[in-house]
There are 2 protein chains.
Amino acid sequence: MPPNTSPAVVLERAAAACTARGLAFTPIRQRVLQLLLEHGKGLKAYDLLALIKAEQPGATPPTVYRALDFLTEHHLAHKIERNATFVACTQENHVEPSLFLVCPKCSAITELQDRSVMQALCRALAAAGHQLDNPEVEIGATCPNCKGS
Amino acid sequence: MPPNTSPAVVLERAAAACTARGLAFTPIRQRVLQLLLEHGKGLKAYDLLALIKAEQPGATPPTVYRALDFLTEHHLAHKIERNATFVACTQENHVEPSLFLVCPKCSAITELQDRSVMQALCRALAAAGHQLDNPEVEIGATCPNCKGS
DNA sequence: GGCATGGATGTAATGTTATAACATCGCCCT
DNA sequence: AGGGCGATGTTATAACATTACATCCATGCC
Ligand SMILES: [Zn+2]
Ligand SMILES: [Zn+2]
Ligand SMILES: [Zn+2]
Ligand SMILES: [Zn+2]
């Protein structure tokens, strides 16, 4: 895992990925991803909206939800369901299933890929007659910073 | 696992558990759990509210949210975050972490306990410096019924 | 050029999910 | 009787998300 990849680099990669796939990486989408990256911790849609509004007073909920739809659809960002926040994807090229560790104390989010967990998971699912579908799994897990307290 | 334990039995067990723990299993709480059990598939808070309202016209959102808070707090029901539904707990005595398999097609929910998955999970978390906190893990997984389609 | 096409955005309204705040009731205890 | 306290009633509002339709603009085709 690249430790602390800078926002600028991730943005570059995202732009490249969009070009490669024939997707329009428009200013709004870019800006939303950038805000997510700069923030680091995951943002609520309406916080994002407030930030966008500061630069673009006409922005409304659809403005930001559309950008978020685009980003999540193409795995450039992810939605954390349990607290309705959005976070930039930290994987170089997100195709495999990810675990999202969500700290209940500080809401920090860590994206993690772990083969052995996914294997165990798939085995258990198969035993129950199910089949893994959504590659995004949220886990409540206290982060290193909050572990002591 | 008890196959298809009847609502009545689960209600009995819930009542007993509350008595044992000195908790008030009031009519509203009972009724909400019963509705969840009868429905089987998980209900939205406002659907539940509509059902309650039919018998008790004065019911309002807090009426049902309070009952749900109680039930989830004491593990008699669970909230499925990804689609904001609530489901009755199917475990005889829910203390260990559970996996919740949520079918993306039909929204059916299966509660599953699996030691090996949880072990793999805890190991991966520990390696990342985290610590499992929330014992409830949602997984998107196509259910046996929907697997063919 | 004229003009259909389709994706992206603007705009207004609304739908859905959840909580805050405060009043009241009923029960247990003294 | 009076106090404490958990449960409930009641009103309002906060927070999260979508629908629906108008407009714009780049692209490709006649
Ligand atoms: Zn990712
Ligand atoms: Zn933390
Ligand atoms: Zn359970
Ligand atoms: Zn299904």
Side-chain angles (χ1 to χ4, degrees), chain A residues 14-15 18-19 21-33 35-36 39 41-74 76-87 102 104 107 109 138, chain B residues 14-15 18-19 21-33 35-36 39 41-74 76-87 102 107 138:
Chain A
C18 287
T19 305
R21 293 189 257 171
L23 303 173
F25 196 44
T26 64
I28 298 179
R29 294 167 178 177
Q30 222 167 114
R31 188 68 185 119
V32 166
L33 182 55
L35 287 169
L36 290 180
H39 229 260
K41 269 214 181 179
L43 278 168
K44 306 238 176 205
Y46 275 66
D47 293 343
L48 218 36
L49 175 56
L51 293 171
I52 297 280
K53 241 177 179 160
E55 338 177 318
Q56 191 178 333
T60 59
T63 308
V64 38
Y65 278 106
R66 281 166 181 157
L68 289 170
D69 285 349
F70 172 87
L71 294 172
T72 52
E73 193 174 333
H74 300 295
L76 301 173
H78 303 293
K79 178 175 183 181
I80 307 300
E81 298 284 349
R82 78 181 47 206
N83 52 11
T85 63
F86 297 85
V87 65
V102 184
S107 299
I109 294 159
E138 298 177 16
Chain B
C18 286
T19 304
R21 292 190 257 172
L23 303 172
F25 197 43
T26 64
I28 298 178
R29 293 168 179 176
Q30 223 168 115
R31 187 67 185 121
V32 166
L33 182 56
L35 287 168
L36 290 179
H39 229 259
K41 269 214 180 177
L43 279 168
K44 305 237 176 206
Y46 275 68
D47 293 344
L48 217 35
L49 176 55
L51 294 171
I52 296 280
K53 244 181 178 154
E55 336 176 322
Q56 191 178 332
T60 59
T63 309
V64 39
Y65 278 106
R66 281 167 182 158
L68 289 170
D69 284 349
F70 173 87
L71 294 171
T72 53
E73 193 174 333
H74 300 295
L76 300 174
H78 303 293
K79 177 175 182 181
I80 306 300
E81 298 284 349
R82 75 182 49 206
N83 51 11
T85 63
F86 296 84
V87 64
V102 184
S107 299
E138 298 176 19

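The sequence lines fix the lettering, A, B, ..., with proteins before strands; numbering per chain opens at 1.
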Check the distance between [N]'s [atom2] and [X]'s [atom1] and give it to me in whole angstrom.
X: A:D47; N: D:dA15; atom1: CG; atom2: P; result: 10 Å
X: B:E81; N: D:dC16; atom1: CD; atom2: C1'; result: 13 Å
X: B:L23; N: D:dA7; atom1: CG; atom2: C1'; result: 13 Å
X: B:I28; N: D:dG6; atom1: CD1; atom2: C1'; result: 13 Å
X: B:L49; N: C:dA18; atom1: CG; atom2: P; result: 12 Å
X: B:Y65; N: D:dA15; atom1: OH; atom2: P; result: 15 Å
X: A:H74; N: C:dA8; atom1: NE2; atom2: P; result: 8 Å
X: A:L68; N: D:dT18; atom1: CG; atom2: P; result: 10 Å

Think [X] has a side-chain N or O under 4.0 angstrom from the OP1 or OP2 of [N]?
X: A:K44; N: D:dC16; value: yes
X: A:Q56; N: C:dG10; value: yes
X: A:R66; N: C:dG7; value: no
X: B:T60; N: D:dT11; value: no

ask   = Would A:Y46 count as stacked on D:dC16 if the rule is ring centres under 5.5 Å and plane angle under 30°?
value = yes
request  = Would you mind telling me which residue lines up with the more 5' stretch of DNA chain C, B:D69 or A:F70, judged by nearest nucleotide?
outcome  = A:F70
key: Test item: B:R29 side-chain N/O and B:A24 main-chain N/O as donor-acceptor pair under 3.5 Å   =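 Side chain of B:R29 to backbone of B:A24: a pair is present.
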key: Upstream residue (5' side of DNA chain D) when B:A67 and A:P61 are each assigned their closest nucleotide   = B:A67
Are [X] and [Y] packed together at the side-chain level, in the sense that at least one heavy-atom pair is separated by less than 4.5 angstrom?
X: A:I28; Y: A:F70; result: no
X: B:N83; Y: B:S107; result: yes
X: A:H39; Y: A:D47; result: no

Between [options], which one does the side chain of [X] approach most closely?
X: A:A45; options: C:dA20, D:dA17, C:dT11; result: D:dA17
X: A:K79; options: D:dA17, C:dT11, D:dT10; result: D:dA17
X: B:P62; options: D:dA17, D:dT10, D:dT19; result: D:dT10
X: B:T26; options: D:dA7, D:dT10, C:dT11; result: D:dA7

key: Heavy-atom pair with the smallest gap, counting every atom of B:V32 and B:A67   =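 For B:V32 versus B:A67, the nearest heavy atoms are CG2-CB, 3.7 Å.
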task = Mind checking A:A59 for me? I need base, sugar-phosphate or nothing, with any heavy atom below 4.0 Å counting as a touch.
result = nothing
